[in-house]
Amino acid sequence: MNKKPLKNIIDAMSKYPFNEIEKKWQKYWEENKTYKVTEDPSFPKDKRRYVLDMFPYPSGAGLHVGHPEGYTATDIYSRYLTMNGYNVLHPMGFDAFGLPAENYAIKTGTHPYTTTKKNIENFRRQLKSLGFSYDWDREISTCDEEYYHWTQWIFEKLYEKGLAYEANTPINWCPSCKTGLANEEVKEGRCERCGEKVEKKNIRQWILKITAYADRLLEDLDSLDWPESVKAMQRNWIGRSEGASVTFKIDGLDESLEVYTTRCDTLFGATYMVIAPEHRLVKELTTAEQKDAVEKYIEETKHKSDLERTDLAKDKTGVFSGSYAINPVNGKKIPIWIADYVLISYGTGAIMAVPAHDDRDWEFAKKFGLPIIEVLKSEVDVQTQAWTEDGIHVNSSWLDGLNKKDAIAKMLEWLEKNGCGHKAVNYKLRDWVFSRQRYWGEPIPLVHCPECGTVLVPEDELPLTLPEVEKYEPSGTGESPLVNVPSWVNCECPKCHGPAKRETNTMPQWAGSCWYYLRFIDPHNHDAFVDPEKEKYWMPVSLYVGGTEHAVLHLLYSRFWHNVLYDLGLVSTKEPFQKLVNQGMITSFAYQKKNKSLVPVDKVKEVEPGKFIEEDTGEEVNQVIAKMSKSLKNVINPDDFIKNYGADSVRMYEMFMGPLTESKPWATNGFMGVYRFLDRIWRIISERKIEDIEPSKDIDRLTHKTVKKVTEDTETLNFNTAISQMMVLVNEINKLEVVPKKTLETLALLLSPYTPHLAEEMWEMLGHNPSISKEKWPTYDASKCVDDEVEIVIQINGKLRSKIMMSHNCDKETLLSAAKNDEKAKTWLEGKTIVKEIVVPNKLVNIVVK
RNA sequence: GCCCAGGUGGUGGAAUGGUAGACACAAAGGACUUAAAAUCCUUUGGCCUUUUGGCCGUACGAGUUCGAGUCUCGUUCUGGGCACCA
């Protein structure tokens with residue numbers, strides 16, 4: 001990709017001493033606690049901001065280029081706010097429980113805490129080397145006892161509120177991670193961490209009743225300034241649906257079958273029913289003749305993985321139970337089938353099947369020869385395909401002639417009057433499987449007592465700390481390694497003081513991140529998870545920046561916990577994160593052959609602009625954008641760039657690449673452009689003649705324009721265009737023999753959120769005391785942003801034909817007559833009749849002719 | 001299948017309904033240099049034209065408008081999410 005090795009370019013380039021400058025100012029900031037923030041009461045509420053990053057998991061690989069992207073964005077914004085007179089809370093910490101450290105412990109025997117500590121130190125070093133304005137005194141780690149003390153405490157609040165329950169239900173199980181998973185952690189039937197196929201397993205679990213908050217989690221989304229896509233994902237995930245619950249009597253049995261349907265209007269078309277293989281009535285409904293067939297089928301479905309069961313492409317399977325239900329609207333007997341296309345976990349695990357108007361039911365009916373009755377006038381033959389659109393009801397007795405909406409209303413009324421159904425709401429959202437059968441997580445603070453049942457560990461005994469273990473290996477039987485520590489497991493019941501056993505499951509990684517934003521507010525409080533006054537001082541988070549991968553995980557879980565804390569009166573805001581911004585992914589270039597296979601970057605040569613060939617074969621390859629991966633040799637390590645070009649260049653480039661929210665490829669050549677820009681500034685400040693003179697009118701005007709643009713764009717997080725405006729200004733300054741000091745001061749201030757080290761150095765060189773981060777943001781005079789003369793575009797019939805220079809704020813008549821007298825315009829107007837004239841002051845004249 | 005984004009030069013990307021391509025990269029040419037690097041200057045959407053200039057051009061096709069990259073409708077492609085949710 002690069003013809004010349006990068007290293008040679010650097011060595012030869014005139015280089016600004018970023019290394020010394022950056023070290024010098026990082027040391028200064030640290031020693032002077034420049035970014036320490038307190039709950040200073042002199043700032044009124046509207047002059048306080050809480051700017052938060054999604055804290056990282058401290059992996060062994062260190063920072064990825066994606067981290068500095070979001071972190072620089074919030075850092076710029078925080079610094080900008082501070083300079084504009086806000087008190088800004090901008091903290092950083094570590095999401096430190098998690099599987100990699102534990103898996104490493106299994107392999108090497110190293111305690112996960114040791115590994116994690118080491119990784120945190122590396123992360124902290126890297127973060128500090130980027131010059132972020134975090135208040136490091138507030139740093140937290142979720143795996144510290146001091147911290148998880150309060151994670152456990154919040155769990156106890158949830159438990160006391162009845163939102164945590166123990167259940168022995170089939171849950172998602174990852175055979176490779178050897179632990180249960182939450183629904184949110186399963187992507188396309190696979191474990192979101194390791195990609196292994198997820199199985200169903202029946203094990204004892206602690207579950208949090210997130211479904212109790214489904215409606216609130218849905219409704220409150222409207223009040224949030226979040227990307228629509230994330231809101232849409234959460235809405236879809238919660239999946240609220242309105243319909244009806246209908247009860248079917250069973251022929252010859254004193255039992256009934258309840259179903260959930262969104263289409264109760266099609267009840268006259270229900271020709272059979274289906275229950276899930278796990279339905280509680282399976283045994284009872286199976287007749288003697290069908291017993292063998294049913295048992296065989298149930299056995300088969302048990303062995304199917306989730307992925308196999310939900311694979312849409314696969315054929316429908318099922319078996320007749322032998323029993324019949326009575327359709328409440330017409331008294332007809334309809335057969336009850338057992339099939340795994342009905343899920344036990346949604347609705348009642350049973351459905352009424354209307355094959356004429358539902359694709360899945362239609363497919364099943366066709367396969368098993370069940371009747372298909374049209375009940376909505378269809379534009380297709382329902383014997384050959386299902387009609388799922390709206391229509392006028394037919395074959396539906398007293399619903400005939402009504403459309404879908406009216407028929408649903410009328411049917412609901414009928415069902416309620418006749419006591420066989422009612423309006424109902426269902427959600428796709430499932431309760432949160434909260435226990436993990438692993439070591440490296442918060443112990444769930446519960447004790448199982450044979451006398452008293454489940455008992456909470458008393459608050460004054462928290463934190464319940466993780467014991468040392470000999471082996472970190474999960475048992476794989478559905479129990480955590482903690483079961484192997486009898487001295488820890490065997491305990492005294494806090495209630496009756498008899499012998500009891502501790503809960504051995506641990507919490508999922510999401511627990512710690514559910515509330516960390518609250519702990520940053522008061523990280524060293526020994527008596528409470530957060531001081532209420534401080535909480536009121538800072539909350540809610542004004543800006544939260546992070547990747548989109550947590551849309552239905554962390555962001556849903558923490559909203560849930562926050563809602564509960566709000567109900568308990570422990571926090572003052574309904575929602576934790578007022579404004580959310582998703583940074584785009586930083587991708588990389590890769591090269592694709594005709595057969596769509598990708599070629600590693602180091603095997604590709606650019607033969608002419610935009611034309612690439614694979615070196616070995618000479619085959620032409622296309623430049624495409626791909627995720628960074630080791631095999632493609634296109635992974636960018638931010639440490640290398642910080643070392644070779646400085647943190648300011650990395651910060652500036654990541655912001656210059658494109659809009660924060662878009663995904664965009666790393667281009668090292670583009671990076672060099674930004675480096676050159678900073679180098680140019682350095683040469684101006686260190687080599688050019690700088691004098692305390694008034695800037696020329698042109699430079700003054702450009703400076704005001706630049707302040708305006710950088711202010712507006714920083715405010716709205718459009719950092720890329722703010723930077724290009726600064727480049728425009730620097731390019732002009734670079735042409736000057738003598739540079740006015742005033743102009744450079746303004747430039748330093750504008751730069752300071754973006755390239756804080758270079759800006760501090762400039763500020764000092766211009767004769768000021770540090771720190772520039774405490775200075776006031778520059779202001780601009782709108783009247784000084786306008787040019788004396790503006791270019792007026794002359795259009796004839798909307799087509800650009802000429803341009804003229806006119807003085808600013810010319811009146812319409814002057815503009816029009818000037819346009820008409822323009823030589824070029826005249827040739828286009830000759831012999832034509834003017835139909836219409838449009839004049840936009842300071843912009844254009846459009847003359848419509850015939 | 002459903003729900004969200006999005007499609008602009010060789011590349012990353014700019015454009016309150018008003019000059020499409022700011023800024024940057026890459027490329028070509030030049031200055032400086034013994035030479036190279038760095039730096040500085042010039043050119044750079046396509047086609048036609050000696051110049052002047054003209055025509056075309058923001059995925060495709062319509063529409064609204066004096067004027068559309070931008071608004072509306074349809075099509076198509078790409079990315080992300082969900083998916084037998086009754």
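From a predicted model like this one, the values you see are computed outputs, not experimental measurements. Per chain, numbering begins at 1; letters A, B, ... match sequence-line order.
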Engineer: Should B:rU39 form a Watson-Crick or G-U wobble pair with both distances under 3.5 Å, which nucleotide is its partner?
Structural biologist: B:rA31

Engineer: Give a yes/no on whether any side-chain N or O of A:Asn734 is located under 4.0 angstrom from OP1 or OP2 of B:rC40.
Structural biologist: yes

Engineer: With C1' as the reference atom in both, quote the distance from B:rA22 to B:rG29 in angstrom, rounded to an integer.
Structural biologist: 24 Å

Engineer: Among the candidates B:rA26, B:rG12, B:rC84, find the nucleotide nearest to the side-chain atoms of A:Arg676.
Structural biologist: B:rA26

Engineer: What does B:rG9 pair with, Watson-Crick or G-U, if both distances are under 3.5 Å?
Structural biologist: none

Engineer: B:rG9: syn or anti, with syn meaning chi within 90° of zero?
Structural biologist: syn

Engineer: When we call it a touch if two heavy atoms are under 4.0 Å apart, what does A:Trp226 touch: a base, just sugar-phosphate, or nothing?
Structural biologist: nothing

Engineer: Judged by each residue's nearest nucleotide on RNA chain B, which is more toward the 5′ side, A:Tyr260 or A:Asn731?
Structural biologist: A:Asn731

Engineer: Starting from the C-alpha separation in whole Å, work towards a yes-or-no answer on side chain to side chain contact (heavy atoms under 4.5 Å, CB included) for A:Leu415 and A:Cys264.
Structural biologist: CA-CA 9 Å; A:Leu415 287 168; A:Cys264 63; 4.3 Å; yes

Engineer: When the distance from CE of A:Met655 to P of B:rA14 is rounded to whole Å, what number comes out?
Structural biologist: 13 Å

Engineer: Students often get this wrong, so: under 4.0 angstrom with heavy atoms, is A:Lys627 touching a base, only sugar-phosphate, or nothing?
Structural biologist: nothing

Engineer: When rounded to the nearest Å, what value does the distance between P atoms of B:rU58 and B:rA20 take?
Structural biologist: 12 Å

Engineer: OH/A:Tyr675 to OH/A:Tyr16 distance, rounded to the nearest 0.5 angstrom?
Structural biologist: 7.0 Å

Engineer: Just to confirm, is there a sub-4.0 Å distance from OP1 or OP2 of B:rC3 to any side-chain nitrogen or oxygen of A:Lys231?
Structural biologist: no

Engineer: Using Watson-Crick or G-U wobble geometry with both distances below 3.5 Å, tell me the partner of B:rG1, or none.
Structural biologist: B:rC82

Engineer: Indicate, yes or no, whether a donor-acceptor pair under 3.5 Å links the base of B:rC66 to the side chain of A:Asn846.
Structural biologist: yes

Engineer: For the side chain of A:Trp237, starting at C-beta, report the closest nucleotide among B:rG18, B:rC82, B:rC23.
Structural biologist: B:rC82

Engineer: Given atom CZ of A:Arg801 and atom P of B:rG18, what is their separation to the nearest angstrom?
Structural biologist: 20 Å

Engineer: From the set B:rC23, B:rG13, B:rA86, return the single nucleotide nearest to any side-chain atom of A:Asn720.
Structural biologist: B:rG13

Engineer: The side chain of A:Lys799 is closest to which nucleotide in this list: B:rC3, B:rC56, B:rG18?
Structural biologist: B:rC56

Engineer: So which one's nearest nucleotide on RNA chain B is more toward 5', A:Asn236 or A:Lys836?
Structural biologist: A:Asn236

Engineer: How far, in whole Å, is B:rU72 from B:rG17 if one measures between their P atoms?
Structural biologist: 12 Å

Engineer: Using Watson-Crick or G-U wobble geometry with both distances under 3.5 Å, which nucleotide pairs with B:rA59?
Structural biologist: B:rU75

Engineer: Measuring only the C1' atom in each nucleotide, how far is B:rG21 from B:rG9? A whole number of Å is fine.
Structural biologist: 7 Å

Engineer: Got a donor-acceptor pair under 3.5 Å from the side chain of A:Gln623 to the base of B:rU11?
Structural biologist: no

Engineer: Looking only at side-chain N and O atoms, does A:Thr548 come under 4.0 Å of OP1 or OP2 in B:rG80?
Structural biologist: no

Engineer: Taking atom types as they are modelled, is there a donor-acceptor pair under 3.5 Å from the base of B:rC84 to the side chain of A:Lys316?
Structural biologist: yes

Engineer: Hey, does A:Glu791 reach any base, or is it just sugar-phosphate, or nothing, if we go heavy atoms under 4.0 Å?
Structural biologist: base

Engineer: Give the nucleotide from the list B:rU19, B:rA86, B:rU16 with an atom nearest to the side chain of A:Lys843.
Structural biologist: B:rU16

Engineer: When the P atoms of B:rU75 and B:rG69 are compared, how many Å lie between them, rounded to an integer?
Structural biologist: 22 Å

Engineer: Rounding to an integer number of angstrom, what distance separates B:rG67 and B:rA15 when you compare their C1' atoms?
Structural biologist: 16 Å

Engineer: Name the closest nucleotide to the A:Leu844 side chain, picking from B:rC23, B:rG18, B:rU19.
Structural biologist: B:rG18

Engineer: Let's see if you can work this out: which of B:rA86, B:rC3, B:rC40 has an atom nearest to the side-chain heavy atoms of A:Arg680?
Structural biologist: B:rC40

Engineer: Applying a 4.0 Å non-hydrogen cut-off, can you work out what A:Val552 is touching in the nucleic acid: base, sugar-phosphate, or nothing?
Structural biologist: nothing

Engineer: With sugar-phosphate meaning primed atoms plus P, OP1 and OP2, does A:Pro659 contact a base, only sugar-phosphate, or nothing at under 4.0 Å between heavy atoms?
Structural biologist: sugar-phosphate

Engineer: Can you tell me how far C1' in B:rG80 sits from the matching atom in B:rA86, rounded to whole Å?
Structural biologist: 27 Å

Engineer: Pair A:Tyr341, A:Glu363 - check side-chain hydrogen bond (donor to acceptor under 3.5 Å, both in side chains), show working.
Structural biologist: CA-CA 11 Å; A:Tyr341 84 92; A:Glu363 205 187 306; over 6 Å; no

Engineer: Quick check on the 6.0 Å ring-centre criterion: do A:Tyr653 and A:Tyr645 meet it?
Structural biologist: no

Engineer: Where the side chain of A:Ser724 is defined as all heavy atoms beyond and including C-beta, which of B:rC40, B:rA22, B:rC84 is the nearest nucleotide?
Structural biologist: B:rA22

Engineer: To the nearest Å, give me how far apart CD (A:Gln234) and C1' (B:rG80) are.
Structural biologist: 16 Å

Engineer: Is the distance between the ring centroids of A:Phe368 and A:Phe364 under 6.0 Å?
Structural biologist: yes

Engineer: Which value, in whole Å, describes the distance between the P atoms of nucleotides B:rU11 and B:rG63?
Structural biologist: 31 Å

Engineer: If the threshold is 4.0 Å, N to carboxylate O, is there a salt bridge linking A:Arg701 and A:Asp698?
Structural biologist: yes

Engineer: Output the single nucleotide from B:rG12, B:rU19, B:rU16 whose closest atom is nearest the side chain of A:Val793.
Structural biologist: B:rU19

Engineer: Can you tell whether the side chains of A:Lys826 and A:Glu830 come within less than 4.0 Å, N to carboxylate O?
Structural biologist: no

Engineer: Starting at atom CZ of A:Phe677, determine the distance to atom P of B:rC25, rounded to an integer number of angstrom.
Structural biologist: 11 Å

Engineer: Quick check on B:rC41: is either OP1 or OP2 less than 4.0 Å from any side-chain nitrogen or oxygen of A:Lys735?
Structural biologist: no

Engineer: Could you walk me through whether A:Glu278 and A:Lys200 pass salt bridge (Lys or Arg N to Asp or Glu O under 4.0 Å), step by step?
Structural biologist: CA-CA 12 Å; A:Glu278 301 89 350; A:Lys200 281 277 177 239; over 6 Å; no

Engineer: By nearest atom, which of the nucleotides B:rC23, B:rC82, B:rA26 is closest to the A:Phe656 side chain?
Structural biologist: B:rC23

Engineer: Nearest whole Å is fine: how far is B:rA24 C1' from A:Met726 CE?
Structural biologist: 14 Å

Engineer: Could you tell me the separation between the CG atom of A:Asp713 and the P atom of B:rA22, rounded to a whole number of Å?
Structural biologist: 17 Å

Engineer: Just the rounded figure in Å: distance from C1' of B:rA83 to CZ of A:Arg235.
Structural biologist: 19 Å

Engineer: What is the separation between atom NZ on A:Lys708 and atom P on B:rA22, rounded to the nearest whole Å?
Structural biologist: 20 Å

Engineer: Tell me whether A:Lys316 is salt-bridged to A:Asp361, with the criterion being a basic N under 4.0 Å from an acidic carboxylate O.
Structural biologist: no

